[in-house]
Each structure stands twice: as structure tokens, then as C-alpha cells.
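In what follows, chains carry the letters A, B, and so on, assigned in the order in which the sequence lines appear, proteins first and then strands, with residues in each chain numbered from 1.
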Amino acid sequence: MTVRYWLLKSEPDVYSIDELAAQKSRTDHWEGIRNYEARNFIRDKMRKGDLGFFYHSNCDRPGIVGIIEIVGEAYPDFTALDPRHKYYDPRSDPENPRWFMVDVGLVRKLKRPITLRELKTHEALKHMRLLQRGSRLSIMPVTKKDWDFILKLESK
DNA sequence: GCCAACGTTGGC
DNA sequence: GCCAACGTTGGC
């Protein structure tokens with residue numbers, strides 16, 4: 001079973017990598033995905049043991065700040081079913097849940113953030129979905145080649 | 001704070 | 001099924 005690689009976006013004002021680091025056993029659920037393509041990735045393609053980049057979006061210095069591991073298969077996003085929750089979606093039904101979440105564990109923070117700006121300077125990464133104009137997808141696959149390339153930047 | 005690009009909704 | 005209007009994302 002081969003490991004897949006992912007990139008997961010979060011706004012640090014909403015949920016930062018330091019908040020994940022502060023959790024018990026540095027593990028938490030990844031809530032609030034409300035986009036069908038992103039949902040399909042986590043529900044249908046993510047597997048326990050896959051790895052992901054933790055990406056800070058909509059902030060001063062957007063970029064990759066850490067590595068996380070998917071620690072379990074997707075299950076229904078309970079925040080969509082709770083009327084008092086800000087992520088409540090009345091169209092989600094407990095019998096037929098519309099939204100899903102996964103649990104993730106922090107593997108480590110990067111030694112330094114690898115910013116979006118830096119990623120954009122590399123011709124080799126030009127094809128990445130993250131770098132496409134207008135790309136807003138919050139969960140996306142990353143090829144092993146790109147994964148390795150980006151991790152090499154960390155020590156440069 | 002601005003705004004381009006995007007995904008979703010809903011009238012027709 | 002089309003597509004205009006809308007709300008959201010997210011870089012800058």
C-alpha cells in the first residue's frame with residue numbers, strides 16, 4: 001500500500017499548526033470542509049498513513065509550515081450536524097452525511113516555513129494546482145516528486 | 001481592505 | 001440544462 005501525499009490549507013487565525021501542536025497527542029480532527037472536490041479527496045482517496053503538508057492560507061505569509069499524517073479514514077463531519085456550530089449545514093443528514101472529516105497528527109513543523117512566494121519561484125513546481133491562478137481548493141493531492149522537491153527546499 | 005476567480009444556487 | 005447572481009476564498 002503506497003502512501004499518498006496531500007496539501008491541506010488552514011487559515012492560521014482559524015486553526016494554526018501551533019494549535020495542532022498543542023493538542024493532546026498532537027492529533028485533531030480536520031473540520032469544516034464544505035467543498036465537494038475536497039470532500040471527495042478526503043472521503044475517497046485519503047488513507048491512514050498518508051502524509052500532508054500543513055499550509056497556512058489567507059495570512060501575512062502564506063505557505064507550508066509543517067507535515068501531518070492522516071491517522072484514520074474519513075468519517076462524517078459532526079460540525080455539519082450541530083445547529084449551534086458555525087459550520088452547521090442543514091442539508092447534511094445524519095443518515096446520509098454530506099460532509100466528512102479526517103483525523104490528523106502532527107509529524108513535525110518545518111524548520112522554516114516554505115512560503116507560497118518561494119514555491120512560485122521554482123519552475124519545477126509550476127504545474128502544481130496550488131500555484132494555478134485562482135486555485136482555491138483547500139485539500140489537494142501532491143505528487144511524490146513535488147513532495148520530495150519541496151522538502152529539499154527546507155534545508156536550503 | 002480590495003477584488004479576481006471560483007463554486008454553488010436557483011429561476012427560467 | 002443554461003447562466004446570472006451571489007457568497008466565499010485567498011493573494012496581495
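Nucleotide C:dG11 holds its C1' atom 16 Å from the CD1 atom of A:I64, rounded to whole Å. Between the C1' atom of C:dT8 and the OH atom of A:Y87 lies a distance of 12 Å, rounded to the nearest Å. We find that CD1 of A:I33 is positioned 17 Å from C1' of B:dT8, with the value rounded to whole Å. Computed from coordinates, the A:M140 CE to C:dG10 C1' distance equals 11 Å when rounded to whole Å. Between the P atom of C:dG11 and the CG atom of A:D13 lies a distance of 13 Å, rounded to the nearest Å. Note: CG (A:L131) to P (C:dG11) measures 11 Å, nearest angstrom. One interatomic measurement links the two molecules: CD1 of A:I139 to P of B:dG7, which rounds to 15 Å at whole-angstrom precision. For A:Y36 and B:dG7, the OH to P distance is 13 Å, given to the nearest whole Å.
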Produce the list of close N/O pairs, under 3.5 Å, pairing protein atoms with atoms of nucleotides 1-5 of chain C; give distances to one decimal.
none

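Contact check, A:K9 against C:dT8: no side-chain N or O comes under 4.0 Å of OP1 or OP2.
The residues A:D148 and A:K152 are annotated as not salt-bridged, no charged nitrogen and carboxylate oxygen being separated by less than 4.0 angstrom. A salt bridge does not link A:E118 to A:K156: none of the charged side-chain nitrogens sits closer than 4.0 Å to a carboxylate oxygen. A salt bridge does not link A:D50 to A:K45: none of the charged nitrogens lies less than 4.0 Å from a carboxylate oxygen.
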Item to check | A:Y36 vs A:W99, ring-ring contact (aromatic ring centres under 6.0 Å, His included): CA-CA, chis, key distance, verdict | outcome: CA-CA 8 Å; A:Y36 292 105; A:W99 304 116; 4.8 Å; yes
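Looking at A:R34, its side chain has no donor and acceptor atom pair within 3.5 Å of the base of C:dT8.
Sequence order on DNA chain B of the closest nucleotides to A:R98 and A:S135 puts A:S135 first from the 5' end.
Taking a 4.0 Å limit (strictly below) on heavy-atom distances, residues 53-62 of chain A reaches DNA chain C at A:Y55, A:S57, A:N58, A:P62.
Side-chain atoms of A:W6 and A:M140, non-hydrogen and from C-beta on, never get closer than 4.5 Å to each other. Under the 4.5 Å side-chain criterion, counting only non-hydrogen atoms from C-beta, A:D44 is not in contact with A:F100.
Between A:I17 and A:F54 the shortest heavy-atom distance is N-CZ, 3.6 Å.
Put simply, the side chain of A:R34 gets close to the backbone of A:Y87: a donor and an acceptor are under 3.5 Å apart.
Taking CG from A:L153 and CG from A:L119, the interatomic distance works out to 7.0 Å, rounded to the nearest 0.5 Å.
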